[in-house]
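A quick write-up on the structure given underneath.
Because the structure is predicted, anything quoted here is derived from the model rather than measured.
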Amino acid sequence: MQRIALERLKTDILILGSGGAGLFAALHAHRSDPELDVIIATKGLLGKCGCTRMVQGGYNVALNPGDSVERHFMDTIEGGKWLSHQELAWTLVAKAAERVQELENEIGCFFDRNPDGTLHGKAFAGQSFDRTVHKGDLTGIEIINRLMEQVWARPGVRRLEEHRALALIPARDGASISGVLLADIRSGELRFIAAQAVLLATGGGPTMYRYHTPSGDKSMDGLAMALRAGLPLRDMEMVQFHPTGLLAGPHTRMTGTVLEEGLRGAGGHLLDGAKRRFMADYDEKLERATRDVVSRAIYAEMKAGRTTPNGGVYISMGHLGPERVAKEFKGMVERCADCGFDLAGGLVEIVPTAHYFMGGVVCQPDTSTEWPGLFVAGEDASGMHGANRLGGNGVANSTVFGGIAGDTMPKWIASHAGHRAPNEDVLEAEAERALHPFTEKPGDLNRLRERLLHLMWDDVGVIRDAAGLDRARRSLGELEAELLATGVADTGRVFNLTWHDWLNLRSLMETSRVIALAAKRRENSRGAHFRSDFPEPGDFATSRFTVARQKSGVLDIGDEPVLFTLVKPGETLLKEKIAAE
């Protein structure tokens, strides 16, 4: 049989993704060794796609003399319900200060400051100190714009825009990575890029839910590729729902857009459909409880029928003063006004919205994985957040570990120089897999997508139980079978967005299946994962995390014990202990 035509390229470092993790990695790798060839491949346009750009709230960092890295660490561990990989969590909080200084002094970001010139930290839920550094409520735009400018200024960093990663291709030995198969969205051509080191930083993006915040280009491609490659995935049941997603009605994509944590941190109130403040019924921290707690409270109000006209609840900010709200949350006030809501002085309808994925590829603090040559950073990685990510730890995670990956890959190449020949059979099979929809009769992809959105929201959403998870697994199997029997019109592959919609759906269905299976495996309730039939969190001292791995098409879900390397449940991390390690 004639093999599918592939263009073949070579590079030293291939970075998949152009969010905070990918761009930081490129800059650090170029700085570490300017002689290395670095390519960034991104599904959209560099700096204009992905989730980092959409970050509103800010960046958690312990800079204030009244705060400490240890305190930030304990907030992260306790917020993650003791499921975190503690070395990863410590790296996150300890490196955050260094990275914020780099963002300001080297990258060129400007963050809001106090009258005395120190960086302003605003209040975010689940934290014991106001440590969230920000640029108004448009922090992500500030960070990604400056990173984009820095990357564009370095000719040594090449860009492949509108290139979709299709598969991680192993070397002939099957034990390391050779490169990545990609599709050029503009031309429709398939390209194999051989690389000495590959960074997986495509972002997560749980867009398989009826209400979701990530950008439309996000479809869990990185985790779907890792799954098919046989890599272990950790904490896949841990999908974070942000409590305050804009609810503008069923006929606009603005529904689900996040309204950031700072609204509740500043003193915003949540009201039911009768305009009664209800959080006192659920948690003593009221609206400043962690995201999982507030999301479940809102969901409970919705299930009880105490809802707004569009089926959610209200957020109210007017009691803080409309002028103050308009000044501090300018971006969100304008966004809500576009949808007919007055955030500064009135009421805005909201709903819990799928926001962030704590699960991902198992990795080490230096971002390495079990495949030599493959590194992972950002939302594709797992372990640092445990069962629940604190608001403000997300962009810190991306930039901290993106920079670490950029420092690590050149060193790894120096001691493991040379490209590794690909497994040609896997490469051919993945190319055929990508072109499969052209072999089937065209059908209604939007109908399949809508079914996926609703079944994941209803059965694998904010609150879960065994019956719903079993129902979801059966439905997902039926949906995937229907998708494989549904094709796209063979009108050519040039900017064939229907083809990419099909590929998006397949990635979402594959990862949805793992989420449902891991959720069934965890018979307790921790952080973002809540089982109504197993509502207790279990014993923190014997905590275990789930691990999913697929071999020869068979998916296995196991679990492993959490290692309390720095602090045990019931203890508090002290500076003296860190100094002794």
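- In summary, the aromatic rings of Y209 and F241 are positioned with their centroids under 6.0 Å apart.
- Counting all heavy atoms, side chain and backbone alike, V333 lies closest to A326 at CG2-CA, 4.0 Å.
- Judged by distance alone, the side chains of E260 and H134 never bring a donor and an acceptor atom under 3.5 Å apart.
- Of the possible donor and acceptor atoms, none in the side chain of S178 sits under 3.5 Å from a partner among the backbone N and O of P170.
- With values rounded to the nearest 0.5 angstrom, T244 atom OG1 is found 5.5 Å from I315 atom CD1.
- Between the side chain of D184 and the backbone N or O of E189, no donor-acceptor pair lies under 3.5 Å.
- Taking the side chain as every heavy atom from C-beta outward, V362 and T369 never approach each other to under 4.5 Å.
- Atom CD of residue E162 and atom CG of residue D217 lie 10.5 Å apart, to the nearest 0.5 angstrom.
- Between P410 and A405 the shortest heavy-atom distance is CD-O, 4.5 Å.
- Considering every non-hydrogen atom in both A354 and P206, the closest pair reads CB-O, 3.6 Å.
- Residues F495 and R186 are in side-chain contact: their nearest non-hydrogen atoms beyond the backbone lie under 4.5 Å apart.
- Although no hydrogens or angles enter the test, the distance criterion places no donor-acceptor pair under 3.5 Å between the side chain of K10 and the main chain of Q196.
- Of the listed residues (V294, I350, T353), just one forms a side-chain contact (heavy atoms from CB on, under 4.5 Å) with H242, and that residue is T353.
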Between M332 and V348, is the side chain to side chain contact (heavy atoms under 4.5 Å, CB included) condition met? List the steps. CA-CA 11 Å; M332 280 183 291; V348 177; over 6 Å; no

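- Checking side-chain atoms of D75 against main-chain N and O of Q127 turns up no donor-acceptor pair under 3.5 Å.
- For the residue pair N388/Q240, the side-chain donor-acceptor check at 3.5 Å is satisfied.
- In this structure, F545 has no ring pair (Phe, Tyr, Trp, His ring centres under 6.0 Å) partners at least two apart in sequence or on a different chain.
- Between L181 atom CG and I193 atom CD1 the span is 9.5 Å, to the nearest 0.5 Å.
- In terms of modelled atom types and a separation under 3.5 Å, the side chain of R131 and the main chain of L63 share no donor-acceptor contact.
- A salt bridge (charged side-chain N to carboxylate O under 4.0 Å, His left out) check over residues 12-30, counting only residues at least two apart or in different chains, returns nothing.
- The backbone N or O of L46 lies less than 3.5 Å from a partner atom in the side chain of E161, making a donor-acceptor pair.
- Each of V400, T399, V61, N105 was evaluated against V100; a single residue qualifies, V61, per the side-chain contact (heavy atoms from CB on, under 4.5 Å) test.
- With hydrogens and angles disregarded, a donor-acceptor distance shorter than 3.5 Å links the side chain of R71 to the backbone of G66.
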Working note: Q86 + L563, criterion side chain to side chain contact (heavy atoms under 4.5 Å, CB included); need CA distance, chi angles, decisive distance, verdict. CA-CA 8 Å; Q86 294 193 359; L563 301 179; over 6 Å; no

Pair R291, E261 - check salt bridge (Lys or Arg N to Asp or Glu O under 4.0 Å), show working. CA-CA 9 Å; R291 289 176 173 177; E261 195 103 332; 2.7 Å; yes

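- Counting heavy-atom neighbours within 6.0 Å of K95 NZ, excluding the residue itself, gives a total of 12 or less.
- Interatomic distance, M236 CE to T511 OG1, rounded to the nearest 0.5 Å: 6.0 Å.
- Using a 4.5 Å heavy-atom threshold, the side chains of R164 and N504 count as touching.
- Residues F375 and S368 are in side-chain contact: their nearest non-hydrogen atoms beyond the backbone lie under 4.5 Å apart.
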Side chain to side chain donor-acceptor pair (under 3.5 Å), that's the test. Do R159 and S18 meet it? Break it down for me. CA-CA 10 Å; R159 303 179 301 278; S18 63; over 6 Å; no

Run K43 and D221 through salt bridge (Lys or Arg N to Asp or Glu O under 4.0 Å) and show every step you take. CA-CA 10 Å; K43 202 173 180 181; D221 296 326; 2.7 Å; yes

Can F329 and L259 be said to form a side chain to side chain contact (heavy atoms under 4.5 Å, CB included), step by step? CA-CA 10 Å; F329 303 104; L259 299 178; over 6 Å; no

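- With S215 contributing its side chain and C49 its backbone, the two residues share no donor-acceptor pair below 3.5 Å.
- Here the side chains of K218 and E379 are not in contact, with every heavy-atom distance at 4.5 Å or above.
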Let me see the working for L23 and T52 under side chain to side chain contact (heavy atoms under 4.5 Å, CB included), right down to the final yes or no. CA-CA 11 Å; L23 296 185; T52 303; over 6 Å; no

Check against salt bridge (Lys or Arg N to Asp or Glu O under 4.0 Å), E328 and K122: CA-CA 11 Å; E328 293 184 9; K122 62 182 173 182; over 6 Å; no

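- The minimum heavy-atom distance linking I40 with A26 is given by the pair CD1-CB, 3.6 Å.
- In this view, I141 and R53, L138, N145 satisfy the side-chain contact (heavy atoms from CB on, under 4.5 Å) rule, not counting sequence neighbours.
- Here the CE-CE distance, from M384 to M358, works out to 12.5 Å after rounding to the nearest 0.5 Å.
- A donor-acceptor contact shorter than 3.5 Å is absent between the side chain of E87 and the backbone of P365.
- Counting only heavy atoms from C-beta outward, the side chains of S295 and P243 approach each other to under 4.5 Å.
- Across L200 and A226, no two heavy atoms sit closer than the pair CD2-CB, 4.5 Å.
- The shortest distance between side-chain heavy atoms of E430 and R228 falls below 4.5 Å.
- If you check the side chains of R31 and H28, you find a donor sitting under 3.5 Å from an acceptor.
- Rounding to the nearest 0.5 Å gives a distance of 8.5 Å between CG of L227 and CG of L223.
- In this structure, R99 satisfies the cation-pi test against F24, with its NZ or CZ atom closer than 6.0 Å to the six-membered ring centre and inside 45 degrees of the ring normal.
- Of all heavy-atom pairs spanning N397 and G378, the tightest one is ND2-O, 3.5 Å.
- Inter-residue side-chain proximity for L182 and L190 is flagged as unmet; no heavy-atom pair is nearer than 4.5 Å.
- Electrostatic pairing of D112 and K327 does not count as a salt bridge here, judged by no charged N lying under 4.0 Å from a carboxylate O.
- A side-chain N or O of R154 and one of Q150 form a donor-acceptor pair less than 3.5 Å apart.
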Criterion salt bridge (Lys or Arg N to Asp or Glu O under 4.0 Å) on R146 and E142, from CA distance to verdict: CA-CA 6 Å; R146 304 293 83 78; E142 176 69 10; 3.2 Å; yes

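- With no hydrogens or angles considered, no side-chain donor-acceptor pair links N393 and Y356 at under 3.5 Å.
- Judged by distance alone, with hydrogens and angles left aside, the side-chain atoms of R526 form a donor-acceptor pair with the main-chain N or O of K81 at under 3.5 Å.
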